Amino acid sequence: MSADGFSGGPPPGAAADWTIDQGWSAYTAEEHATWDILYERQTALLPGYACDEFLHGLDALDLHRGGIPDFNVINPELERLTGWNVVAVPGLVPDDIFFDHLANRRFPAGQFIRRRDQLDYLQEPDIFHDVFGHVPMLTDPVFADYMEAYGKGGQRALGLGRLHNLARLYWYTVEFGLLETPKGLRIYGAGIVSSRTESIFAIDDPSPNRIGFDLLRTMRTPYRIDDFQQVYFVIPSIQTLLDATLQDFAPIYAALDEGQDVPIDAILPTDRVFTRGTQAYAASGGRLAGA
Ligand code: PHE
Ligand code: FE
């Protein structure tokens with residue numbers, strides 16, 4: 001993950017590219033146990049919720065061995081499968097640093113793990129979100145290509161002053177994307193699979209809209225960072241997503257200037273609708289209402 005608003009260089013102890021040593025041997029028993037609780041909960045839930053690509057990736061990386069994964073252990077296998085590596089960072093990194101890592105097939109993962117009172121929700125990505133949520137999909141060759149392309153597209157968007165447009169694509173695919181499968185809708189987005197409550201919400205709840213992915217439509221739609229999504233976009237395959245993003249985005253960015261944002265809960269006549277959501281969750285006040 002990345003965030004705007006950084007000034008100056010990396011924090012003390014971090015390299016120029018913001019990476020740090022994971023310091024695996026310094027994790028406490030309590031921290032390893034927090035991983036195990038989260039891991040057990042999600043792996044028990046996710047069959048029937050997460051897509052096969054994700055579940056296969058989870059198996060391939062053998063994250064089962066207990067406790068927080070050691071990047072030195074998972075990287076050789078990840079490297080062998082798709083040429084990706086996980087690198088440790090203290091937390092959110094500046095956008096240019098983030099894109100440079102992705103463009104070179106390095107996924108920056110937060111080194112820290114959440115506290116016990118944050119099992120269900122925290123706003124900053126920790127190692128559970130970054131590794132459990134993101135890394136399994138990086139074992140899929142097509143998704144691996146998409147993430148590298150996104151890094152390069154991010155560098156380009158930064159130069160064009162278009163990051164606000166591109167960020168929505170990341171949000172509605174990499175973080176909160178759904179996949180259409182013969183067995184029904186399945187999750188591939190890391191922000192969903194790393195959250196027990198949002199996994200259930202994204203697939204089962206009648207509140208959110210679920211709409212067929214369309215590049216321009218997605219980039220016209222604002223998102224919420226503080227609660228369950230009001231709309232999820234569904235791709236027919238990972239390949240479709242990669243194909244849609246291979247085109248030159250400069251004309252897409254220009255086209256975005258011609259139209260307006262779509263309200264977050266709107267359904268357009270041109271939308272392919274999987275679920276016309278009730279929006280009951282958002283209407284009730286969502287997380288703030290303790291719903
Ligand atoms: N094709 C995009 C461009 O021309 C780059 C990109 C690829 C962006 C994949 C996102 C995902 O800028
Ligand atoms: Fe993330």
Side-chain angles (χ1 to χ4, degrees), residues 1-3 38 42 50 54 57 84 86-89 91-93 95-114 118 121-138 140-177 187-195 198-199 202 213-219 223-226 229 233 235 237-257:
M1 271 296 278
S2 68
L38 291 164
Q42 286 311 91
F54 178 89
W84 276 80
V86 189
V87 294
V89 289
L92 295 171
V93 302
D95 294 318
D96 59 330
I97 301 285
F98 181 67
F99 295 138
D100 184 63
H101 282 303
L102 295 188
N104 291 285
R105 296 203 173 219
R106 293 186 302 266
F107 192 81
Q111 183 273 348
F112 70 100
I113 192 154
R114 67 193 68 184
Q118 299 170 311
Y121 183 73
L122 81 168
Q123 209 160 314
E124 237 210 322
D126 71 338
I127 194 167
F128 186 75
H129 167 79
D130 281 334
V131 173
F132 183 93
H134 285 281
V135 176
M137 287 304 293
L138 292 173
D140 179 78
V142 181
F143 194 82
D145 285 353
Y146 174 66
M147 288 293 278
E148 180 192 333
Y150 187 89
K152 292 176 174 156
Q155 292 171 322
R156 185 169 183 226
L158 260 183
L160 295 170
R162 289 299 186 161
L163 209 49
H164 54 290
N165 297 135
L166 194 66
R168 289 172 174 180
L169 175 65
Y170 192 87
W171 192 265
Y172 282 122
T173 61
V174 178
E175 295 291 354
F176 292 98
I187 306 158
Y188 72 94
I192 315 179
V193 282
S194 59
S195 160
E198 188 143 5
S199 292
F213 175 82
D214 173 87
L215 187 64
L216 262 176
R217 163 58 156 116
T218 303
M219 287 199 193
Y223 57 81
R224 8 193 350 157
I225 59 161
D226 57 342
Q229 301 307 302
F233 290 99
I235 57 170
S237 69
I238 309 290
Q239 186 68 51
T240 312
L241 178 60
L242 179 62
D243 291 347
T245 52
L246 286 178
Q247 62 186 301
D248 180 3
F249 278 21
I252 306 263
Y253 295 143
L256 285 168
D257 292 338

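Counting starts at 1 for both ligands and their atoms, following the listed order. Small disclaimer: the values here were computed from a predicted structure and weren't measured. Computed from heavy atoms alone, side chains included, the values below leave out hydrogens, waters and symmetry copies.
- Residue Glu175 approaches the Fe ion (ligand 2) most closely through its N/O/S atom OE2.
- Remark: the His134 side chain and the Glu175 side chain contain an N/O donor-acceptor pair separated by less than 3.5 Å.
- At a 3.5 angstrom cut-off on N or O pairs, Gln247 counts as close to ligand 1.
- Contact atoms of ligand 1 toward Arg156: 3 (C), 4 (O), 12 (O) (distance under 4.0 Å to a heavy atom of the residue).
- Ring pair Phe107/Trp84 is tilted by interplanar angle, where 30° to 60° counts as tilted.
- Taking the N/O/S atoms of His134 in turn, the shortest distance to the Fe ion (ligand 2) belongs to NE2.
- Residue, atom and distance of the protein heavy atom nearest to atom 8 (C) of ligand 1 are Phe249 CE2, 3.5 Å.
- Taking the six-membered ring for Trp and the full ring otherwise, Tyr172 and Phe233 have centroids separated by under 6.0 Å.
- Between the side chains of Thr173 and Tyr146, a donor-acceptor pair is found at a separation under 3.5 Å.
- Checked for salt-bridge contact, Asp100 and Lys152 miss the test: no charged N lies under 4.0 Å from a carboxylate O.
- Under the 6.0 Å cut-off for aromatic ring centres, Tyr150 and Phe143 do not qualify, their centroids lying 6.0 Å or more apart.
- The contact set between ligand 1 and Gly153, taken as ligand atoms under 4.0 Å from a residue heavy atom, comprises 5 (C), 6 (C), 8 (C).
- Residue Met137 comes nearest to Ile238 through the heavy atom pair CE-CD1, 3.8 Å, listed as atom of the first residue, atom of the second, then distance.
- Of all heavy-atom pairs spanning Ala109 and Val131, the tightest one is CB-CG2, 4.0 Å.
- Taking every heavy atom of Leu169 and a limit of under 4.0 angstrom, the matching atoms of ligand 1 come to 10 (C).
- Taking every non-hydrogen atom of Tyr146 and a distance limit under 4.0 Å, the qualifying atoms of ligand 1 come out as 11 (C).
- At a heavy-atom distance under 4.0 Å, no atom of Lys152 approaches ligand 1.
- Proximity to Asp248 (heavy-atom distance under 4.0 Å) selects the following atoms of ligand 1: 4 (O).
- Annotation for ligand 1: atoms under 4.0 Å from non-hydrogen atoms of Ala149 are 6 (C), 7 (C), 9 (C).
- Evaluated by nearest non-hydrogen atom to atom 9 (C) of ligand 1, the leading choice among Thr245, Leu102, Val174, Leu246 is Thr245.
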